[in-house]
Amino acid sequence: MGDELLGSELHDHRLGFAMTITTRVEADRFGWRRLSRAAQLYVALVIAGGIAATAVFMARGTVPHPWLFAFLLVIACVTSAWKVNLPISLASGSTLSVSYAADLTALLLLGTPVAILIAAASSWSQCTFNVKQRYPVYRTAFSVAAAVVTIAATGLVYQAFGGTTGPFEIAALMKPLVAGIVTCFCVNTGLVACAIALSTGRSPWQVWREDFLWSSTSFMVAGGAGALAAVIIDRGEHWKALLMLAPLYLIYRTYQVFVARLEEQKRHVAELAEADRLKDQFLATVSHELRTPMNAILGWADMLRLNALPESKRERACEAIFNNATRQARLIDELLDMARLMAGKLQLQ
């Protein structure tokens, strides 16, 4: 669901498997006053929308099956801690969590009002526990509000396409389920993309396409797992639904490996860029050091060639040419030694 910090600040959000971005710099960089006016207004509107959606849905809904509600609430909060850092084109990495599956299970079995409560709780848990730095209050509020708005929109679309809270028929479930997952993906990533666009100067479409389009797979996987768990529970096989934690945890571990490789590749690219910068700096320094004695040699040699020096200064000119040529030869020898060292043909003792 969505928790987004704006501008150069980190953008916390929950995607499909629920995404957030963990802080990696000083806390004062993420204060409310560091946001632009537009970003502050946007955050305030999303929080207000979350409050309004909660009030509307809770006013017309109750909490059926308290034990099932408690079970899904615990699962959502626990799985929100299954997070991995994902590098995206921001100042830090984001985290991928698998708690969205429990949110969708609650939506299918208990209805939108209950799913809103569970999504808000899992979002709060994801922003509170197992984080590298404590979140400012407005960031947590934004995350919870974005989760509420996303689930509310998902529930409305799911019902509009004929979805029910059971009993489930697989053939009839597919259309509203897919529509709900797509809606959840678009609303959540749309909220996040708009938040980033307000502070980075990019368009929301560009941010969405470059940073979040890839996460559609996560939504489908988590949505499928949540739907399957809902069908199993609806058939009265409650404890078998716990088996769905195994594939979710496997996906979580798979993403850990995937992210580790991405980070390694990113680090390798950064090292290459630094090496190129150092190489350019080295070449500029070498060019300057070689040009300095060469200019002296050419200057004195040209005056000797034009016979522009008196006899008393000819010896000084020859000495200057010799000294600068010797200096340049020494520089060239040092460069050749460095080349041999890099090629492994010379050992330094």
Side-chain angles (χ1 to χ4, degrees), residues 1-6 11-20 38-65 69 72-73 76-77 80 97 99-128 135 137-165 176-177 179-196 198 204 208 212 219 222-223 226 230:
M1 307 300 161
D3 167 16
E4 189 62 31
L5 191 79
L6 312 175
H11 304 266
D12 292 328
H13 55 286
R14 296 172 28 119
L15 303 172
F17 276 94
M19 277 190 162
T20 64
Q40 290 177 347
L41 178 60
Y42 178 80
V43 170
L45 288 175
V46 172
I47 293 175
I51 295 173
T54 302
V56 170
F57 279 92
M58 295 309 298
R60 62 184 186 183
T62 58
V63 180
H65 309 292
F69 166 74
L72 292 176
L73 180 64
C77 292
S80 68
S97 170
S99 61
Y100 172 66
D103 300 341
L104 186 61
T105 302
L107 175 65
L108 297 182
L109 289 173
L110 303 177
T112 304
V114 177
I116 284 177
L117 293 178
I118 291 178
S122 63
S123 178
W124 174 83
S125 177
Q126 188 169 340
C127 296
T128 305
Y135 289 179
V137 174
Y138 82 90
R139 291 181 63 187
T140 302
F142 182 90
S143 176
V144 173
V148 169
V149 171
T150 301
I151 287 297
T154 303
L156 290 174
V157 172
Y158 175 75
Q159 293 177 359
F161 278 81
T164 65
T165 56
L177 176 63
I181 293 175
V182 171
T183 300
C184 184
F185 170 68
C186 293
V187 172
N188 179 243
T189 55
L191 290 173
V192 175
C194 289
I196 298 175
L198 284 173
W208 184 84
F212 306 121
F219 277 87

Peer 1: Could you tell me which non-hydrogen atom of S122 sits nearest to which non-hydrogen atom of S80, and how far apart they are?
Peer 2: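 Smallest heavy-atom distance, with atoms named: O-CB, 3.6 Å.
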
Peer 1: From Y100 OH over to T105 OG1, what is the distance, rounded to the nearest 0.5 angstrom?
Peer 2: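 One gets 9.5 Å once the value is rounded to the nearest 0.5 Å.
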
Peer 1: Would you compute the distance between atom CG of L109 and atom OG1 of T164 and round it to the nearest 0.5 angstrom?
Peer 2: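 Answer rounded to 0.5 Å: 10.0 Å.
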
Peer 1: Supply the atom-to-atom distance L117 CG to I151 CD1, rounded to the nearest 0.5 angstrom.
Peer 2: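 Here the interatomic distance stands at 11.0 Å.
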
Peer 1: Tell me, with the steps shown, if V157 and V182 meet side chain to side chain contact (heavy atoms under 4.5 Å, CB included).
Peer 2: CA-CA 10 Å; V157 172; V182 171; over 6 Å; no

Peer 1: In Å and rounded to the nearest 0.5 Å, what is the SG to CH2 distance from C77 to W124?
Peer 2: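 The distance works out to 7.5 Å.
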
Peer 1: Minimum heavy-atom separation for I181 and G223, please, with both atom names.
Peer 2: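 Looks like CD1-CA, 3.6 Å.
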
Peer 1: Can you name the nearest heavy-atom pair linking A120 to V144, along with the distance?
Peer 2: CB-CG1, 3.6 Å

Peer 1: Between the side chains of S143 and S123, does any donor sit under 3.5 Å from an acceptor?
Peer 2: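 S143 vs S123: donor-acceptor pair found between side chains.
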
Peer 1: What's the shortest heavy-atom distance between L198 and Y42, and which atoms?
Peer 2: CD1-CB, 3.3 Å

Peer 1: Just wondering, are more than 12 heavy atoms of other shown residues or ligands nearer than 6.0 Å to CZ in F161?
Peer 2: no

Peer 1: Under a 4.5 Å cut-off applied to non-hydrogen side-chain atoms, are L108 and L177 in contact?
Peer 2: yes

Peer 1: Could you state the interatomic distance from OG1 (T140) to CD1 (I47), rounded to the nearest 0.5 Å?
Peer 2: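 The OG1 atom of T140 sits 9.5 Å away from the CD1 atom of I47.
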
Peer 1: Going by ring pair (Phe, Tyr, Trp, His ring centres under 6.0 Å), name the residues that satisfy it together with F185, two or more places apart in sequence or in a different chain.
Peer 2: W208, F219

Peer 1: Please report the shortest heavy-atom distance between I116 and A152, naming the atom on each side.
Peer 2: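 Closest approach of I116 to A152: CD1-CB, 4.1 Å.
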
Peer 1: CG of L45 to CG of L41: how many Å apart, nearest 0.5 Å?
Peer 2: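 It comes to 4.5 Å.
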
Peer 1: Would you find a donor on one side and an acceptor on the other, under 3.5 Å apart, between the side chain of Y158 and the backbone of G111?
Peer 2: no

Peer 1: Are any non-hydrogen side-chain atoms of T112 and L107 less than 4.5 angstrom apart?
Peer 2: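 They are in contact (side-chain heavy atoms under 4.5 Å apart), so the answer is yes.
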
Peer 1: Taking the side chain as every heavy atom from C-beta outward, state whether T154 and V187 have any pair of such atoms under 4.5 Å apart.
Peer 2: no

Peer 1: How close do A106 and L72 get, counting heavy atoms only, and between which atoms?
Peer 2: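 Looking at all heavy atoms of both residues, the closest pair is CA-CD1, 3.7 Å.
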
